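Numbered from 1 within each chain, the chains take letters A, B, ... in sequence-line order. Below, all heavy atoms of this structure are taken into account, side chains as well, without hydrogens, waters or symmetry copies. Because the structure is a prediction, the values reported are computed rather than measured.
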Protein chains: 2
Amino acid sequence: MMGVSVGKAVEGRKGEHAVRIGELSRRTGVSVPTIKFYVREGLLPAGELTSPNQASYGETHVQRLRLIRALLDVGGMSVAAIRDVIVAVEDPERSMHKVLGVTANRLVPRYEREPDTVIEEARKSVAELVAARGWHAYPENPAGEALAAALAALDDVGHGGFVEILDAYADAAEKVARADMDYVAHHVAREALVESAVVGTVLGDAIFAALRRLAHVDASNRVFGGPADRE
Amino acid sequence: MMGVSVGKAVEGRKGEHAVRIGELSRRTGVSVPTIKFYVREGLLPAGELTSPNQASYGETHVQRLRLIRALLDVGGMSVAAIRDVIVAVEDPERSMHKVLGVTANRLVPRYEREPDTVIEEARKSVAELVAARGWHAYPENPAGEALAAALAALDDVGHGGFVEILDAYADAAEKVARADMDYVAHHVAREALVESAVVGTVLGDAIFAALRRLAHVDASNRVFGGPADRE
DNA sequence: CCATCATAGATAGTGGCGCTATCAGATAGC
DNA sequence: GCTATCTGATAGCGCCACTATCTATGATGG
């Protein structure tokens, strides 16, 4: 028998299923070496050592691994970006908008482009849009820069006229943002707020993109009359 | 002197500024080795040979390079995905929805997840949504699968309740899709239709994501009252 | 008590991707 | 003729997300 192991004691507290790394791997579908890799990279806290070569992992590890995989696979974030965001989320000094600032900074790809008239025009469009909407946001924040870069890229490719429908996009974005706030207000506990914001920001992009594709298929069918595409 | 070179003759036709690779590089900001790399990879047609070791590049090459950079940098597509899409676009048998099918297939990351109840539930939600909206789209197309995967990921992370606001997202997506069709109808020539659809699909995602972040900053300020984040 | 298995922690290696460097031989343009 | 540039080919690089291997230790079951 050998009596109750130290691991058991750990398992006891607050109903956590404390397990060893192999079981953690089985539960999450993440390989053992990969889990160790995440620990090394600072994405996942180390297991609680119960002896020099045994550690036990709890429910928080399972959740964290799911979070990591969601941000990696669905959100398309890099390991480095996820680390930065997680560090920010865990910072006790975290304020909502500080963490979201980090998230935005790490989520938005940084495009470098030597300043030219195209990007200047795009920035102006963004500033005008933000002003017209009365958005309390500085247009020169990373999202605004990303928007300007995307508009500039569209212009480069010969679709400068796109700005004309930007308002429709902004309407939709406002609507979604309101729904997001609504969801957060009703479903999210204060402590989980920041993490939810991160998850929602990242996965929300993926969800909207997918919905937009579905709506395109429908709209395209209506306009062009072809059968929906099965592949 | 030596008279008009062959290159000049090529330059003459239809007002194209036929140039050599160095100039093409200068105009697009893409390095010469990278241009050669794109040619090797099938993203860019080779220049027109004017002698065994001289080729001239025209306006189409400039445009194509801008397209490639836009899809790569802003759209976040891989070189392989861009190649597949370009091949599809150039296929004379291209039909609108076939090319968009390829685009969707290459744009949407493929998540593998062993079938479980979570993903099954998510698929059901997607099917219900599509049905409720009367969308003429098969829910099991890649976009629908991507949506289900994202919803399942949300569920994994403890946000299964998100489905409740999915309708708001769908409303917004419909709105955007309508605006897209409108833009295409008014601004895009028939020959450019397919390429525009690709560009719009990819860059539209980036634009909407950026707008959503801006709207979040605003909504978050209104709800949480903090100052906008400057970083 | 012993055989077997799992583990921690460390270091090195792998495969894919988007380029980048280098070279030989040929041509452009003065 | 002279130098800068070009084509086409091959090899290499740097980053990234893992993955493999190893040692020393402890867990576990009979």
Side-chain angles (χ1 to χ4, degrees), chain A residues 1-11 18-26 28-57 61 65 68-69 71-73 75-84 106 109-110 112, chain B residues 1-11 18-26 28-57 61 65 68-69 71-73 75-84 106 109:
Chain A
M1 286 286 135
M2 301 304 104
V4 175
S5 72
V6 181
K8 275 275 164 61
V10 170
E11 184 177 345
V19 295
R20 293 190 300 171
I21 203 170
E23 177 68 12
L24 179 63
S25 168
R26 244 164 279 125
T28 57
V30 179
S31 77
V32 170
T34 299
I35 292 173
K36 288 183 176 182
F37 168 71
Y38 291 158
V39 172
R40 282 201 303 279
E41 293 295 312
L43 276 67
L44 186 69
E48 197 169 333
L49 279 180
T50 59
S51 77
N53 69 334
Q54 295 289 298
S56 79
Y57 302 82
H61 293 93
L65 277 173
I68 293 168
R69 297 312 313 191
L71 297 181
L72 260 180
D73 297 342
M77 290 178 70
S78 72
V79 165
I82 294 173
R83 177 187 45 236
D84 291 355
R106 301 286 357 205
R110 284 237 120 59
E112 282 126 45
Chain B
M1 304 262 139
M2 296 310 101
V4 175
S5 73
V6 181
K8 277 274 164 64
V10 170
E11 183 178 345
V19 294
R20 293 190 298 170
I21 203 169
E23 177 69 12
L24 179 62
S25 167
R26 245 162 279 126
T28 57
V30 180
S31 78
V32 170
T34 300
I35 292 173
K36 289 182 176 184
F37 168 71
Y38 290 158
V39 171
R40 283 201 302 281
E41 293 295 313
L43 275 67
L44 186 69
E48 197 170 333
L49 279 180
T50 60
S51 76
N53 69 336
Q54 295 290 300
S56 79
Y57 302 82
H61 292 93
L65 277 173
I68 293 168
R69 297 313 313 193
L71 297 181
L72 260 181
D73 297 341
M77 290 178 70
S78 72
V79 165
I82 294 173
R83 177 185 44 234
D84 291 355
R106 300 287 355 209

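Under the 4.0 Å criterion applied to side-chain N and carboxylate O atoms, A:R20 and A:E23 are not assigned as salt-bridge partners.
If you take CZ of A:R83 and P of D:dC15, they are 14 Å apart, rounded to a whole angstrom. Atoms OH (A:Y57) and P (C:dT7) sit 9 Å apart, rounded to a whole Å. Rounding to whole angstrom units, CZ of residue B:R20 and P of D:dT7 are separated by 8 Å. Atom CD in A:Q54 sits about 14 Å away from atom P in D:dT25, given to the nearest Å. Atom-to-atom, NZ of B:K36 to C1' of D:dT7 comes out at 5 Å; the value is rounded to the nearest Å. Computed from coordinates, the B:R26 CZ to D:dA4 C1' distance equals 11 Å when rounded to whole Å. Atoms CG (A:L43) and P (D:dC16) sit 13 Å apart, rounded to a whole Å. Counting to the nearest Å, the P atom of C:dA6 and the CD atom of A:E23 are 13 Å from each other.
When distances are taken from the side chain of A:F37 to each of D:dG8, C:dA28, D:dA17, the shortest belongs to D:dA17.
Among the atoms of the strands shown, only primed sugar atoms or phosphate atoms (P, OP1, OP2) are found under 4.0 Å from some heavy atom of B:R69. B:P33 comes within contact range of at least one nucleobase, with a heavy-atom separation under 4.0 Å.
The residue among A:S31 and B:S51 whose nearest nucleotide of DNA chain D is located toward the 5' end is B:S51.
Looking at B:Y38 and B:E41, their side chains never come closer than 4.5 Å, going by heavy atoms from C-beta outward. The closest side-chain heavy-atom distance from A:R69 to A:V30 is below 4.5 Å.
A:Y38 has a side-chain polar atom (N or O) that falls below the 4.0 Å cut-off from OP1 or OP2 of D:dC18. Phosphate contact (OP1/OP2 of D:dT19, side-chain N/O of A:T34, threshold under 4.0 Å): present.
Within the model, atoms CD1 of A:I68 and OG1 of A:T34 stand 10.5 Å from one another, a figure rounded to the nearest 0.5 Å.
The base of C:dA8 does not come close enough to the side chain of A:N53 for any donor and acceptor atom to sit less than 3.5 Å apart. The base of D:dT7 lies outside donor-acceptor range of the side chain of B:R40, with no N or O pair under 3.5 Å.
Listed here is the closest heavy atom pair of A:S56 and A:A18: OG-CB, 4.0 Å.
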